[in-house]
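Inspection log for the structure reproduced underneath, given as structure tokens.
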Amino acid sequence: MGSHSTEAIRGVALVGHTGSGKTLLAEALLQHAKAIPAMGTIERGTTVCDFDVLEKEYQHSLRSSVVHFETDGTRIHLVDTPGAPDFLGQSIGSLAAVDTAAVVINAQTGIEITTTRMMQWAESLKLCRMIVVNRIDGEAVDLPGMVARIQEAFGKECLPINLPAGGGTRVVDCFFNPSGDSDFSSIELAHGALVDQVVEVDEELMALYLEKGEISPEQLHAPFEEALREGHLIPICFTSAKTGAGVQELLELLVKL
């Protein structure tokens, strides 16, 4: 890898409760970025991040691991952290080394104790935060209910930046895409909510938006970054590390952070 300017370097920590799928999500991101030829598995003990003998035996992370990859001219340093409450110190310590906390939630089990703690710690450190609802391919998942519970727990600034479609086999962008089909809610409504939230950080842009009713993607880029830094927007994205649904979209979002 060549040298990169500081503007082209991202530090991201995958944090969240045990079983949310952080390690496999890291594996999927590495594979989509072509840093590895194929994904390893937790069951076989072949993932990049869980390389310790005990991690392979217990099949969950015991310490934080750092990987890096390059995509779209951006170098991303990704920290995969343990989610068990006994190892929370590892996760908290990792936040000091990153710009963004990606809080991963298991779509089947929902918000758990480590989810809440990591959201609070990331906020206290004034990090950009995003929420990744993983395992959307699981049985009996209630994704509309999940979004409602996230907003109830962490605020209305938590908004879907994409939505599952095709029965959870793919996701559709809601930020730059004003319409389309989704499994629940509405791309149009989600797009409008995101734009409404983002333009609030720029009074001139808000006045233009109220006058014209729409803003170009180029005009939204800078206020989007500012809204993330200020915690005025916490994007929710959907993935399945197992099937790859939403992983490429997550990769592209990490570049924009």
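A 4.5 Å side-chain heavy-atom check between C174 and I161 finds every atom pair outside the cut-off. With a 4.5 Å cut-off on side-chain heavy atoms, V195 and V199 count as touching. Annotation: side chain of F175 is not in contact with side chain of L253 (no heavy-atom distance under 4.5 Å). A heavy-atom distance below 4.5 Å is found between the side chains of I131 and M119. Looking only at side-chain heavy atoms (C-beta outward), V255 and T71 come within less than 4.5 Å of each other. Annotation: side chain of L194 is not in contact with side chain of F224 (no heavy-atom distance under 4.5 Å). Under the 4.5 Å side-chain criterion, counting only non-hydrogen atoms from C-beta, P144 is not in contact with S185. Q151 has its side chain within reach of V147: a pair of non-hydrogen atoms, C-beta onward, lies under 4.5 Å apart.
When only modelled atom types and interatomic distance are considered, N134 and T239 share a side-chain donor-acceptor pair under 3.5 Å. Side-chain polar atoms of S20 and N106 form no donor-acceptor pair below 3.5 angstrom. Under the 3.5 Å distance criterion, with hydrogens and angles disregarded, no donor-acceptor pair is assigned to the side chains of R10 and H77. There is no side-chain donor-acceptor pair under 3.5 Å between S64 and T81. Residues E112 and T115 have side chains that never bring a donor and an acceptor to within less than 3.5 angstrom of each other.
Interatomic distance, CG of L14 versus OG of S65, reported as 11.0 Å (0.5 Å rounding). The structure places OG1 of T47 at 10.0 Å from CG of L30, a figure rounded to the nearest 0.5 Å. Note that CZ of R229 is 7.0 Å distant from SG of C128, once rounded to the nearest 0.5 Å. Annotation: the span from N162 atom CG to D173 atom CG amounts to 7.0 Å, rounded to 0.5 Å. One finds the CG atom of L233 at 10.5 Å from the CZ atom of R129 (value rounded to the nearest 0.5 Å). Note that NE2 of H191 is 12.5 Å distant from CG of L159, once rounded to the nearest 0.5 Å.
Heavy-atom neighbours of E43 CD from other residues, nucleotides or ligands within 6.0 Å: above the threshold of 12. No more than 12 heavy atoms of other residues, nucleotides or ligands lie within 6.0 Å of CD in E188, so this atom counts as exposed by the packing criterion.
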Do V171 and L163 pass the side-chain contact (heavy atoms from CB on, under 4.5 Å) test, and can you show the C-alpha distance, the side-chain angles, and the key distance before you say yes or no?
CA-CA 5 Å; V171 302; L163 286 172; over 6 Å; no
Is there a side-chain contact (heavy atoms from CB on, under 4.5 Å) between E252 and D72? Walk through the geometry before answering.
CA-CA 8 Å; E252 294 168 1; D72 196 24; over 6 Å; no
Go through the steps for V15 and L95 under the test side-chain contact (heavy atoms from CB on, under 4.5 Å), then give the verdict.
CA-CA 9 Å; V15 296; L95 294 179; 4.2 Å; yes
Check against side-chain contact (heavy atoms from CB on, under 4.5 Å), L250 and L25:
CA-CA 10 Å; L250 174 59; L25 188 57; 4.1 Å; yes
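The minimum heavy-atom distance between D183 and G166, with the atom names listed, is OD1-N, 3.1 Å. Nearest approach of G180 to I187, heavy atoms of both residues: O-CG1, 3.5 Å. The minimum heavy-atom distance linking D137 with S240 is given by the pair OD1-OG, 2.8 Å. Residues C158 and I150 come closest through the heavy atom pair CB-CG2, 3.8 Å. The two residues G40 and L24 have their closest heavy-atom pair at O-CD1, 3.7 Å. When all heavy atoms are compared, the tightest approach of A107 to L143 is CB-CD2, 4.0 Å.
The residue from E226, E157, E200 that alone fulfils the side-chain hydrogen bond (donor to acceptor under 3.5 Å, both in side chains) condition with H232 is E200. Residue V201 is tested with M206, E230, E225 for a side chain to side chain contact (heavy atoms under 4.5 Å, CB included); the sole match is E230.
Residues M118 and I113 are members of separate hydrophobic clusters, defined by side-chain heavy-atom contacts under 4.5 angstrom among Ile, Leu, Val, Met, Phe, Trp and Tyr. The cluster map of Ile, Leu, Val, Met, Phe, Trp and Tyr, joined by side-chain heavy atoms under 4.5 Å apart, puts V132 and F154 in different clusters. By the rule that hydrophobic residues join a cluster once side-chain heavy atoms approach within less than 4.5 Å of another member, I111 and F238 end up as members of one cluster. Hydrophobic clustering (ILVMFWY, side-chain heavy atoms < 4.5 Å, transitive): V198 and M130 are in one cluster. In terms of hydrophobic clustering, with Ile, Leu, Val, Met, Phe, Trp and Tyr side chains grouped at heavy-atom distances under 4.5 Å, V79 and I105 are assigned to a common cluster.
When atom types are taken as modelled, the side chain of D99 and the backbone of G11 share a donor-acceptor pair closer than 3.5 angstrom. Of the possible polar contacts, none joining the Q108 side chain to the R135 backbone as a donor-acceptor pair under 3.5 Å is found. Side chain of T100 to main chain of V12: no donor-acceptor pair is present (N/O by atom type, distance under 3.5 Å, no hydrogens or angles). Formation of a donor-acceptor pair under 3.5 Å by the S182 side chain with backbone atoms of F184 is found in this model. In this structure, the side chain of K22 engages the main chain of H17 through a donor-acceptor pair within 3.5 Å. Within the 3.5 Å criterion, the main-chain N or O of E70 finds no donor-acceptor partner in the side chain of T74. Using a distance-only test at 3.5 Å, with no hydrogens or angles considered, a donor-acceptor pair links the side chain of T114 to the main chain of G83. Judged by distance alone, the side chain of S61 and the main-chain N or O of R63 form no donor-acceptor pair under 3.5 Å. Proximity of a side-chain donor or acceptor of Q219 to a complementary backbone N or O of S216 within less than 3.5 Å is detected.
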